[in-house]
There are 2 protein chains.
Amino acid sequence: MNEGHLSGEGRIVSQANATSLNKTRRQRVELKEEAIVETARRLFNEKGFGKTTISGIAKGCGVADGTVYLYFKNKEALAQAVLEAFYRDLKETAQDGVDALDSTEEQLRFLAEHHLTKVNQERRILELLPIIGVSLDNYKDSKLFTLNKSYARVFDRVAKSGVKSGVIKRDLAPWVLRDVFYGGLDYASRTMMMHERTDNFSAVVDGLMAMMLVPKSAANSALEDVAERFDKIAERIEKSIG
Amino acid sequence: MNEGHLSGEGRIVSQANATSLNKTRRQRVELKEEAIVETARRLFNEKGFGKTTISGIAKGCGVADGTVYLYFKNKEALAQAVLEAFYRDLKETAQDGVDALDSTEEQLRFLAEHHLTKVNQERRILELLPIIGVSLDNYKDSKLFTLNKSYARVFDRVAKSGVKSGVIKRDLAPWVLRDVFYGGLDYASRTMMMHERTDNFSAVVDGLMAMMLVPKSAANSALEDVAERFDKIAERIEKSIG
DNA sequence: AGAAAAAATGAATGAGGGTCATTTATCAGG
DNA sequence: CCTGATAAATGACCCTCATTCATTTTTTCT
C-alpha cells in the first residue's frame with residue numbers, strides 16, 4: 001500500500017478538528033473499497049461469479065482475504081456493489097449522450113448503440129443479477145432497483161418526447177416500448193455473440209426503429225398513390241372490356 | 001430402488017440375445033439418468049445453480065453422491081443436460097401449439113403466451129445458460145446450440161408464412177423479428193416479475209403484435225380491395241380470351 | 001452356483017467461502 | 001516524542017460441498 005505519502009496528508013490534518021480527521025481516514029477507506037470493487041468487477045467479468053475467488057480478488061488489489069469481509073458482508077454483497085457501480089456508470093453515460101443530441105431518432109439510435117457497447121463490454125457483469133437473488137423480497141427498496149429505474153427513465157424521457165412530437169407511434173405503452181427495446185437489444189447481442197458476428201448491430205437497431213417509429217408518410221402515401229393508380233387502371237380495363 | 005420386479009424382467013431377457021440384453025440394461029440406466037435430471041431440474045429451479053448441492057440431488061432421487069458422477073462428468077454437465085431437457089420440451093410444446101392453429105396472428109399470440117408461461121415457470125433453469133460457460137468455443141456444435149436453433153425455427157416458420165401472406169411487415173429481417181420478439185418477452189417477464197405484476201402479459205403481447213403486424217389501415221385495405229378487383233378482372237379476361 | 005462385468009456406494013480429499021483472535025497502523029492528548 | 005485507545009488488517013482455521021476412488025453390491029452369463 002502507498003500509505004507512506006498519505007501519512008503526510010494525515011499529519012497536516014491532525015492539526016484540524018476531529019471531523020476533518022475522520023474524513024481523511026474515511027477517504028482512505030473509500031479508496032480501498034473502490035479498489036476492491038474495481039478488482040472484483042474485472043475478475044467477475046473475466047471469469048464469472050462462480051469461477052472468481054475471494055482470494056483472487058484480495059490478491060488482485062493487494063489485501064488479505066479477511067480484509068474483503070471488512071468491506072462486504074459476503075461474496076454476493078460484493079457482486080451487488082459491482083452491479084451498482086456498473087449501473088451507475090451505464091446510466092450516467094447514457095444520459096450524457098442523450099443530452100448531446102437533438103432528434104428523437106438520433107437519441108434512440110445512440111441509446112441502442114451505447115447499450116450494446118456497454119453490455120458487450122461487460123457481458124458477465126449483468127449475469128450477476130440473477131445470481132445474487134432476484135427473488136429478494138427487499139429488492140424494491142434496494143439501491144439496485146433504484147439505479148435500474150433511473151436507467152430506465154433515461155429511455156422513458158426520450159420515448160415520451162418522441163410520442164409527444166409524433167415521431168413514435170402513440171398507441172404503444174412506454175414501458176412496453178422500453179421492454180421491447182432493451183430486451184430486443186440484449187437478445188440480439190447474445191445471439192450475435194454466439195454466431196460471432198458483431199457486425200450487424202445496425203440491422204437490429206434499424207429493425208427496432210422501423211417497429212417503433214411512425215413510418216415516414218412518404219412511403220405510406222406512395223402506397224396510397226399506387227392504390228389510386230391501380231384504381232384508375234381497373235376502371236379503364238373494366239370499360240374496355242365491358 | 002424398485003429393482004425387485006425388474007429382476008424378473010431381467011431373467012426373461014436373459015434368454016434372448018446379447019443385443020436385447022444390453023437394451024434392457026440401458027433402459028434401466030436411462031430411467032435412472034432421467035430421474036437424476038428430473039430431480040436436478042426441480043432443485044436448480046427452486047434454488048438456482050449455486051445453492052443446489054450434488055448431495056441434495058442425489059438424496060432427492062435416492063442414489064449415492066458418487067452415482068451422479070457415473071452419469072454426468074460434473075455439476076455443469078448435469079446442468080447442461082437439464083437445459084437440454086428444458087429446450088426439448090419447450091420446442092416440442094411450442095410446435096404442437098402452433099400446428100393446432102391457423103392464422104399467423106393466433107400462432108404468434110400462442111407462441112408469446114407459451115414462451116412467457118414456460119419461462120416464468122422455470123425461470124432459474126434459463127439462468128443456467130450463462131453459468132455453464134457461454135464462451136465455450138465448441139458451443140456451435142453442442143446439443144444445446146442445435147436445440148436452441150430448432151426452437152428458433154418454430155418462430156421463423158410462423159414469421160416466414162406471415163410475411164408471405166402479408167400479415168407481417170415485410171421490411172423486417174426474420175432474425176431481427178425473432179430477437180425482438182423473444183427478447184421483448186423475456187425482458188418484460190423479468191420486469192413484471194420484479195414489480196410483482198404478472199397480470200399485464202397481454203399488454204406486452206399486444207404491443208409486440210402492433211409493432212410486427214401490418215396495421216389494418218385504410219391504405220392497406222384499399223390495396224387489398226384493388227388486388228381483389230384485379231383478381232376478378234383477370235378471371236374475366238382469361239375467360240373472354242380463352 | 002459362481003466367476004466376471006457393471007453399477008453403486010460413501011468415506012476421503014481439497015478448494016474455496018466465511019470467522020475471529022491476534023497484530024499492526026493511526027490518532028489525540030500530554 | 002511517547003502512550004493508551006481505537007480503527008484497520010491479517011491469515012490461520014473451520015465448514016460446506018464438488019469430486020474421486022477403493023470397496024461393496026447387483027446383474028449377467030455359463
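- Between Tyr151(A) and His115(A), the ring-plane angle classifies as parallel under the 30° and 60° cut-offs.
- In this entry the distance linking NZ of Lys73(A) with P of dC20(C) reads 14 Å, nearest Å.
- Using bins of under 30°, 30° to 60° and over 60° for the plane-to-plane angle, the ring pair Phe49(A)/Phe44(A) lands in the parallel bin.
- Lys51(B) has its NZ atom 16 Å from the P atom of dT16(D), to the nearest Å.
- In this structure, Arg28(B) reaches the dT28(D) phosphate: one of its side-chain N or O atoms is under 4.0 Å from OP1 or OP2.
- Here Lys32(B) reaches the OP1 or OP2 of dA8(C): one of its side-chain N or O atoms lies under 4.0 Å away.
- Of the candidates dT19(D), dG10(C), dA7(C), the closest approach to any side-chain atom of Ala64(B) belongs to dG10(C).
- Closest to the side chain of Tyr69(B), from the set dA8(D), dA7(C), dA18(D), is dA18(D).
- Nucleic acid contact class of Ile54(A) (heavy atoms, under 4.0 Å, all strands): sugar-phosphate only.
- OP1 or OP2 of dT10(D) lies within a sub-4.0 Å distance of a side-chain N or O belonging to Thr67(A).
- The interatomic distance linking Lys59(B) (NZ) with dT16(D) (P) rounds to 12 Å, in whole Å.
- Within 4.0 Å (heavy atoms only), Tyr71(B) reaches sugar-phosphate atoms of the nucleic acid but no base atom.
- A straight line from CD of Glu30(B) to C1' of dA7(C) spans 15 Å, rounded to a whole angstrom.
- Distance Phe72(B) CZ to dA18(D) P: 15 Å, rounded to the nearest Å.
- Arg109(A) has no carboxylate O lying under 4.0 Å from a charged side-chain N of Glu106(A), or vice versa, which leaves the two without a salt bridge.
- Here the C1' atom of nucleotide dC20(C) and the CG atom of Asp65(A) are 14 Å apart, to the nearest Å.
- Ion pairing between a basic and an acidic side chain is recognised when a charged N comes within 4.0 Å of a carboxylate O; Glu46(B) and Arg42(B) show such pairing.
- Open room surrounds NZ on Lys160(B); 12 or fewer heavy atoms of other groups in view lie less than 6.0 Å from it.
- Side-chain atoms of Leu70(A) lie closest to dA9(D) of the nucleotides dT9(C), dT19(D), dA9(D).
- The distance from atom CD of Gln27(A) to atom P of dT26(C) is 15 Å, rounded to the nearest whole Å.
- Atom NZ of Lys75(A) is separated from atom P of dT19(C) by 14 Å (rounded to the nearest Å).
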